[in-house]
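Remember, predicted model here, so these are calculated numbers, not experimental data.
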Amino acid sequence: MKIHHLRNATLVIETGNKVILVDPMLGKKGTAGPTFTLFRFKPQRNPIVDLPNNAMEIVEKTTHCLLTHLHPDHLDKEAENFLKSRQIPVICSVKDEKALRKKGLNIFQTVDYWQETEFLGGKIQGIPAVHGYGFVAKPMGNVMGFYIELPNEKSIYLSADTIYTEDVHKVLTQLKPEIAVVACGTAQLDVFLPLLMNMEDILKFVKNAPNNVIANHLEAVNHCPTRREDLRKAVTELGLIEKIFIPKDGESKVY
């Protein structure tokens with residue numbers, strides 16, 4: 001299995017002849033959406049960086065697309081147009097099916113929470129995700145993580161935009177994914193608590209993950225203050241650096 005990190009939460013899983021695009025934000029710098037903060041962090045239209053040069057070459061090979069939720073930093077207009085023009089088969093939460101069909105996307109499969117279903121010759125199940133601490137999680141809407149087992153490949157847990165919850169803990173300690181992807185940007189709006197894990201919970205995730213961890217959702221949207229360097233320093237201090245891959249945009253790794 002080869003995992004390409006493109007930008008923010010956009011990644012590509014290559015396995016055999018299948019190429020699975022996850023949470024595509026494909027627009028140029030500043031075109032995916034408005035700034036998410038006006039005064040807590042510098043207001044900038046998102047994304048705040050361009051896609052890496054090799055990104056579209058990888059994206060062009062897409063055979064399937066997996067969506068965790070509908071926020072514009074996980075599915076922008078450019079990505080919608082790409083998916084529609086090619087009628088790429090899309091896999092999503094049962095809760096998002098209606099909205100995505102309305103956009104004209106080709107819904108190939110829906111997934112429910114904790115329900116295991118067949119997926120590309122293997123299995124997939126939806127994992128609950130909570131997009132923020134406290135009150136803010138409700139207006140953030142439905143989010144779904146995915147636990148995936150593909151034939152002759154390492155199992156992978158895409159935890160999606162979430163804080164550390166009992167469900168996240170259950171996946172790490174009971175399902176024991178061989179690769180676990182975690183959103184590390186600690187996103188925060190001008191008001192309310194963070195929308196993603198704070199550093200303490202990121203470190204708990206890395207510590208409790210039984211195997212490899214991939215960090216994403218870093219340095220690509222204006223409301224995510226955590227830098228790759230901050231994360232690298234924190235995991236190094238705890239002796240966990242060997243467990244975690246903190247990719248630059250455009251970097252990939254074979255597992």
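Salt bridge annotation for Glu14-Lys61: present, with a cationic side-chain nitrogen under 4.0 angstrom from a carboxylate oxygen. Between Lys123 and Glu149 there is no salt bridge, since no side-chain N of the basic residue sits under 4.0 Å from a carboxylate O of the acidic one. With respect to the salt-bridge test (charged N to carboxylate O, under 4.0 angstrom), the residues Lys102 and Glu97 do not qualify. A salt bridge is defined here as a Lys NZ or Arg NE, NH1 or NH2 lying under 4.0 Å from an Asp or Glu carboxylate O, and Lys233 with Glu229 fails to meet this definition.
In this structure, Glu242 places its CD atom where only 12 or fewer heavy-atom neighbours from other residues, nucleotides or ligands lie under 6.0 Å away. Residue Lys243 qualifies as enclosed at atom NZ: its count of foreign heavy atoms under 6.0 Å is above 12. A 6.0 Å sphere centred on NZ of Lys207 holds no more than 12 heavy atoms belonging to other residues, nucleotides or ligands. Sparse packing is recorded around CD of Glu200, with 12 or fewer heavy atoms of other residues, nucleotides or ligands lying under 6.0 Å away. The number of heavy-atom neighbours closer than 6.0 Å to NZ of Lys84, taken from other residues, nucleotides and ligands shown, is above 12.
Smallest separation of non-hydrogen atoms from Ser159 and Ala183: OG-N, 4.3 Å. Nearest heavy-atom pair, Lys28 versus Thr31, reported as atom, atom and distance to 0.1 Å: O-OG1, 2.6 Å. Residues Asp161 and Val143 come closest through the heavy atom pair O-CG1, 3.7 Å. A pairwise comparison of heavy atoms in Thr162 and Ala129 identifies OG1-CA, 3.5 Å as the closest pair. Shown here for Gln87 and Asn106, the closest heavy-atom pair between the two residues is O-ND2, 2.9 Å. When all heavy atoms are compared, the tightest approach of Leu175 to Tyr147 is O-OH, 3.2 Å.
With a 4.5 Å cut-off on side-chain heavy atoms, Leu6 and Ile58 count as touching. Here the side chains of Tyr133 and Asp201 are in contact, with some heavy-atom distance below 4.5 Å. Phe146 has its side chain out of reach of Ile127: every pair of non-hydrogen atoms, C-beta onward, lies at least 4.5 Å apart. Side-chain contact between His217 and Cys184: absent, with no pair of heavy atoms (C-beta onward) separated by less than 4.5 Å. When side chains are defined from C-beta on, Met56 counts as touching Leu51, because their heavy atoms get closer than 4.5 Å. Looking at heavy atoms from C-beta onward, Glu219 lies out of side-chain contact with Ile48 at the 4.5 angstrom threshold. Asn198 places none of its side-chain heavy atoms less than 4.5 Å from the side chain of Tyr164. Contact annotation: the side chain of Lys29 never approaches that of Val49 to less than 4.5 Å [non-hydrogen atoms, C-beta and beyond].
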Can you give me every donor-acceptor pair (side chain of residues 245-255, partner residue at least two apart or in another chain, under 3.5 Å) with its distance?
from: Asp249; atom 1: OD1; to: His5; atom 2: NE2; distance (Å): 3.0
from: Asp249; atom 1: OD1; to: Arg228; atom 2: NH2; distance (Å): 2.8
from: Glu251; atom 1: OE1; to: Lys248; atom 2: N; distance (Å): 2.8

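The hydrophobic cluster containing Leu66 also contains Ile3, counting ILVMFWY residues as joined when their side-chain heavy atoms lie under 4.5 angstrom apart, directly or transitively. Hydrophobic cluster membership is shared by Leu150 and Ile214, with clusters built from Ile, Leu, Val, Met, Phe, Trp and Tyr side chains linked at under 4.5 angstrom. Residues Val171 and Phe205 fall within the same hydrophobic cluster, defined by Ile, Leu, Val, Met, Phe, Trp and Tyr side chains chained together at heavy-atom separations under 4.5 Å. The cluster map of Ile, Leu, Val, Met, Phe, Trp and Tyr, joined by side-chain heavy atoms under 4.5 Å apart, puts Leu75 and Val22 in different clusters. Connection of Leu100 to Phe119 is not established within any shared hydrophobic cluster, with ILVMFWY side chains joined at heavy-atom distances below 4.5 Å, either directly or through further cluster members.
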Evaluate the criterion side chain to side chain contact (heavy atoms under 4.5 Å, CB included) for residue pair His64 and Gln109; output intermediate values, then yes/no.
CA-CA 10 Å; His64 296 78; Gln109 181 174 352; over 6 Å; no

Stepwise, does the side chain to side chain contact (heavy atoms under 4.5 Å, CB included) test hold for Leu11 with Ile13?
CA-CA 7 Å; Leu11 62 88; Ile13 301 167; 3.7 Å; yes

Determine, stepwise, if the pair Asp23 / Thr68 fulfils side chain to side chain donor-acceptor pair (under 3.5 Å).
CA-CA 7 Å; Asp23 284 356; Thr68 64; 2.6 Å; yes

Verdict with reasoning, Thr10 to Leu21, per side chain to side chain contact (heavy atoms under 4.5 Å, CB included):
CA-CA 7 Å; Thr10 306; Leu21 175 64; 4.0 Å; yes

Go through the steps for Ser93 and Thr110 under the test side chain to side chain contact (heavy atoms under 4.5 Å, CB included), then give the verdict.
CA-CA 5 Å; Ser93 161; Thr110 58; over 6 Å; no

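Using cut-offs of 30° and 60° for the angle between ring planes, the His69 and His74 rings count as tilted.
Under the 3.5 Å distance criterion, the side-chain polar atoms of Arg7 are matched with a main-chain donor or acceptor of Met25.
For the side-chain contact (heavy atoms from CB on, under 4.5 Å) with Met199, the qualifying choice from Val235, Thr186, Leu231 is Leu231, the only one to do so. When each of Val136, Ile163, Leu196 is tested with His131 by the rule side-chain contact (heavy atoms from CB on, under 4.5 Å), just one qualifies, namely Leu196.
Looking only at atom types and distance, the side chain of Tyr113 has no donor-acceptor partner in the side chain of Asn142 under 3.5 Å away.
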